[in-house]
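Convention: sequence-line order gives letters A, B, ...; per-chain numbering from 1. Not measured: the values here are computed from a predicted model.
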Amino acid sequence: MNGERGTINIRVKFFAAPREALGTNEVTVSLPAGATVDELLKLLTERYPALRPYTRFLSVAVNRAYAGMHAELHDGDEVACLPPVGGG
Amino acid sequence: MNGERGTINIRVKFFAAPREALGTNEVTVSLPAGATVDELLKLLTERYPALRPYTRFLSVAVNRAYAGMHAELHDGDEVACLPPVGGG
Amino acid sequence: MEMFEVTTEPLSVEEVVARLTEPAIGAVVTFVGTVRGETDGRAVRYLEYEAYPEMAEETLRQIGAEIRSRWPDVRRVAIVHRVGRLEIGAVAVVIAISAAHRAPLFDALRYGIDRLKEIVPIWKKEVWADGGAEWVEEGSGAREAV
Amino acid sequence: MEMFEVTTEPLSVEEVVARLTEPAIGAVVTFVGTVRGETDGRAVRYLEYEAYPEMAEETLRQIGAEIRSRWPDVRRVAIVHRVGRLEIGAVAVVIAISAAHRAPLFDALRYGIDRLKEIVPIWKKEVWADGGAEWVEEGSGAREAV
């Protein structure tokens with residue numbers, strides 16, 4: 001914590017309905033270092049309004065593990081926006 | 001019930017351990033009409049002493065359905081002496 | 001297609017599941033009983049299964065009817081039991097049960113194999129690797145069930 | 001042999017059961033999820049399954065670990081899920097669980113499919129016979145689970 005806040009790059013993956021709504025299955029976004037999942041989702045819904053109907057149902061995985069809204073992100077993380085699953 | 005008690009013939013089938021002990025899988029025995037399963041088993045153990053160790057564990061089927069010890073037998077019935085089953 | 005059968009032929013899980021096929025089905029569960037290589041620490045060489053075939057098929061059919069009566073959402077039941085000499089790893093029995101949705105299937109499956117071991121006239125003789133053989137008598141409490 | 005897998009290939013129940021093979025096994029149960037021809041009275045033409053494959057395999061592996069931890073007598077677990085376009089009657093998922101004796105298998109099987117539907121990142125889109133299509137959202141309560 002030297003007071004410098006750099007920028008981190010996060011790969012974001014989309015699936016199922018939100019993927020179709022966005023027309024893409026992956027984007028890369030830049031965030032200030034120390035940003036949380038919550039802040040990432042806010043940024044995404046601002047930048048991609050088509051995502052809005054889905055956000056309240058989304059779970060999030062960071063590097064392929066479910067993560068809470070307050071989890072801190074790190075440069076190079078792979079974040080997945082997961083609508084309610086329906087396998088089986 | 002005309003007072004005449006004829007004779008009935010019963011086919012008796014054996015399986016598994018008692019079949020091996022008797023060395024046969026089927027015998028035919030004659031009994032007085034109106035005889036019950038119980039009476040058949042008594043006759044069998046008298047005639048085939050090798051059956052004795054098994055009788056207290058045997059269930060009996062008459063014409064391929066489980067039957068009680070007091071079930072009455074009829075000419076031509078197929079009786080099966082069933083040791084405890086062990087399928088699966 | 002026979003749904004309840006005693007056979008000397010090798011069993012295929014796939015083939016028994018296929019007997020249930022219909023478009024309304026969303027879930028199938030199966031129980032597959034196989035020949036274990038040891039019982040109570042004693043190495044088994046093979047098993048010899050014997051059946052009273054006509055009554056065995058009759059009681060299998062009865063178990064199917066019991067299942068459908070207890071779990072009305074069950075659609076189809078198939079039970080096939082193999083008899084004769086079965087080597088280690090061979091499939092001795094396949095029970096397959098289908099429904100539109102999965103809810104009733106797990107209890108129905110447990111019931112199916114429990115009842116089979118209770119009422120179906122089939123016996124097995126264990127032939128051990130060290131010589132000797134014995135008819136398994138689960139009903140007499142002599143041996144733990146599969 | 002992979003025990004936890006997401007694949008575009010057709011599934012064989014037999015082949016998944018074979019992944020569990022070992023002489024100590026006496027019982028195997030399977031859950032087979034198939035594509036139903038209708039949901040809520042509406043005719044389905046086919047389903048399109050999509051996965052986040054790396055995480056899906058990771059969560060399948062986690063379910064296997066959870067099962068073995070809750071039911072220590074369970075020996076092996078294999079779960080294979082198919083993705084891509086699946087026609088009516090096709091097998092979408094096979095869960096197979098083995099043990100020396102049958103007791104733990106039924107609850108373990110129910111747990112396995114319940115957990116799969118809860119945490120594994122796989123989605124399905126129903127494409128209806130009358131045109132139109134919809135992503136199934138079981139988690140949102142919009143649709144009854146298989």
Side-chain angles (χ1 to χ4, degrees), chain C residues 10-18 20-40 43-44 47 75 87-114 116-117 129 138 143-146, chain D residues 10-18 20-40 43-44 47 75 87-114 116-117 129 138 143-146:
Chain C
L11 301 190
S12 148
V13 185
E14 205 80 42
E15 186 274 325
V16 179
V17 168
L20 308 179
T21 302
E22 49 167 347
I25 280 176
V28 175
V29 291
T30 70
F31 177 87
V32 181
T34 60
V35 177
R36 247 177 317 152
E38 62 97 36
T39 37
D40 306 333
V44 172
L47 293 189
R75 289 195 62 98
E87 308 297 331
I88 307 306
V91 174
V93 61
V94 178
I95 302 178
I97 310 180
S98 69
H101 302 284
R102 72 185 185 282
L105 293 176
F106 309 94
D107 289 341
L109 186 63
R110 189 197 314 250
Y111 180 87
I113 181 63
D114 284 354
L116 185 149
K117 287 169 176 284
E138 305 192 21
R143 193 168 295 281
E144 188 189 3
V146 164
Chain D
L11 301 189
S12 149
V13 184
E14 205 79 43
E15 186 274 325
V16 179
V17 168
L20 309 178
T21 303
E22 50 167 347
I25 281 177
V28 175
V29 290
T30 71
F31 177 88
V32 182
T34 60
V35 177
R36 247 177 317 151
E38 62 97 34
T39 37
D40 306 333
V44 172
L47 294 189
R75 289 196 61 100
E87 307 296 331
I88 307 306
V91 174
V93 61
V94 178
I95 301 178
I97 310 180
S98 68
H101 303 284
R102 72 185 184 281
L105 292 176
F106 309 95
D107 289 340
L109 186 63
R110 188 196 315 248
Y111 180 87
I113 181 63
D114 284 355
L116 184 150
K117 287 170 175 283
E138 305 193 20
R143 194 169 296 281
E144 186 189 4
V146 163

When the 4.5 angstrom heavy-atom criterion is applied to Thr21(D) and chain C, the contacting part is neither
So, do Arg102(C) and Arg110(D) sit near enough that their side-chain heavy atoms are less than 4.5 Å apart? no
Selection from Val13(D), Thr30(D), Val17(D), Val32(D) maximising heavy-atom pairs under 4.5 Å formed with chain C: Thr30(D)
Check each atom of Ile88(D) against the heavy atoms of chain C and say whether the ones under 4.5 Å are side chain, backbone, both or neither. side chain
Can you spot which of Leu116(D), Val94(D), Val93(D), Ile97(D) makes a side chain to side chain contact (heavy atoms under 4.5 Å, CB included) with Phe31(D)? Val93(D)
Does Val16(C) reach the side chain of Leu11(C), with side-chain heavy atoms less than 4.5 Å apart? no
Go through the structure and list residues passing salt bridge (charged side-chain N to carboxylate O under 4.0 Å, His left out) with Glu15(D), not counting sequence neighbours. Arg19(D)
